[in-house]
Amino acid sequence: MYQYIIADNLCRLCREQHISVNQLAEAIDKSPRQVNRYRNGQCENISLSTLLKISKVLHVSLFELLTDHTAVS
């Protein structure tokens, strides 16, 4: 289930920062196809090192990337 939280956050953060799939893929040394899998919630086994690379590129903490921001308090 966490892959959908990551997918939502990844889409939101990339949109807010105007980072394309291709730009993110190049920055984290993955294919654009793989990044699209992350963005669509189709990848259940994202490595910690990849998550750390993504958070660094997007200038957010790992916590920010993994937190469900759609939950109502």
Side-chain angles (χ1 to χ4, degrees):
M1 179 170 147
Y2 78 91
Q3 73 266 21
Y4 298 111
I5 295 169
I6 294 170
D8 287 344
N9 289 334
L10 192 54
C11 289
R12 177 181 53 82
L13 291 165
C14 285
R15 185 175 53 252
E16 288 173 359
Q17 298 180 31
H18 306 287
I19 296 175
S20 70
V21 169
N22 290 336
Q23 290 171 318
L24 182 58
E26 186 175 326
I28 66 169
D29 199 30
K30 297 286 183 185
S31 70
R33 185 176 182 178
Q34 186 63 39
V35 171
N36 272 324
R37 287 185 187 122
Y38 299 154
R39 289 172 48 107
N40 293 325
Q42 296 174 341
C43 190
E44 294 181 17
N45 298 318
I46 304 174
S47 71
L48 181 57
S49 63
T50 297
L51 290 171
L52 289 170
K53 287 178 186 178
I54 291 170
S55 66
K56 185 175 182 178
V57 170
L58 296 176
H59 307 289
V60 296
S61 68
L62 190 55
F63 179 78
E64 173 79 12
L65 192 59
L66 299 174
T67 301
D68 185 0
H69 296 281
T70 61
V72 178
S73 300

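Quick note: numbers below take in every heavy atom, side chains included, and nothing from hydrogens, waters or symmetry partners.
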Residues L62, L48; criterion side-chain contact (heavy atoms from CB on, under 4.5 Å); working and verdict: CA-CA 9 Å; L62 190 55; L48 181 57; 3.7 Å; yes
Audit row: L10, L58, side-chain contact (heavy atoms from CB on, under 4.5 Å) steps and yes/no: CA-CA 9 Å; L10 192 54; L58 296 176; 3.7 Å; yes
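Contacts of S49 classified as side-chain hydrogen bond (donor to acceptor under 3.5 Å, both in side chains), with partners at least two apart in sequence or in another chain: S47. Looking at residues two or more places apart in sequence or on another chain, you find a side chain to side chain contact (heavy atoms under 4.5 Å, CB included) between E16 and R12, L13.
In this structure, CZ in R37 is found 14.0 Å from CD in Q3, a value given to the nearest 0.5 Å. Distance OH/Y4 to CD/E44: 7.0 Å, rounded to 0.5 Å. Taking OG1 of T67 as the reference point, atom CD1 of I6 lies at 10.5 Å (rounded to 0.5 Å).
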Check residues 23-30 and write down every donor-acceptor pair under 3.5 Å in which the side-chain atom is one partner and the other belongs to a residue at least two apart or another chain.
{"unit_1": "Q23", "atom_1": "OE1", "unit_2": "S20", "atom_2": "N", "d": "2.7"}
{"unit_1": "Q23", "atom_1": "OE1", "unit_2": "S20", "atom_2": "OG", "d": "3.3"}

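Summarising the geometry of Y38 relative to I54, their closest heavy-atom pair is CD1-CD1, 4.2 Å, with the distance given to 0.1 Å. The two residues C43 and Q34 make their nearest non-hydrogen contact at SG-NE2, 3.5 Å. Considering every non-hydrogen atom in both R39 and C14, the closest pair reads NH1-CB, 3.7 Å.
A side chain to side chain contact (heavy atoms under 4.5 Å, CB included) with S55 is found for one member of L66, N9, T50, V60 and no other, namely V60.
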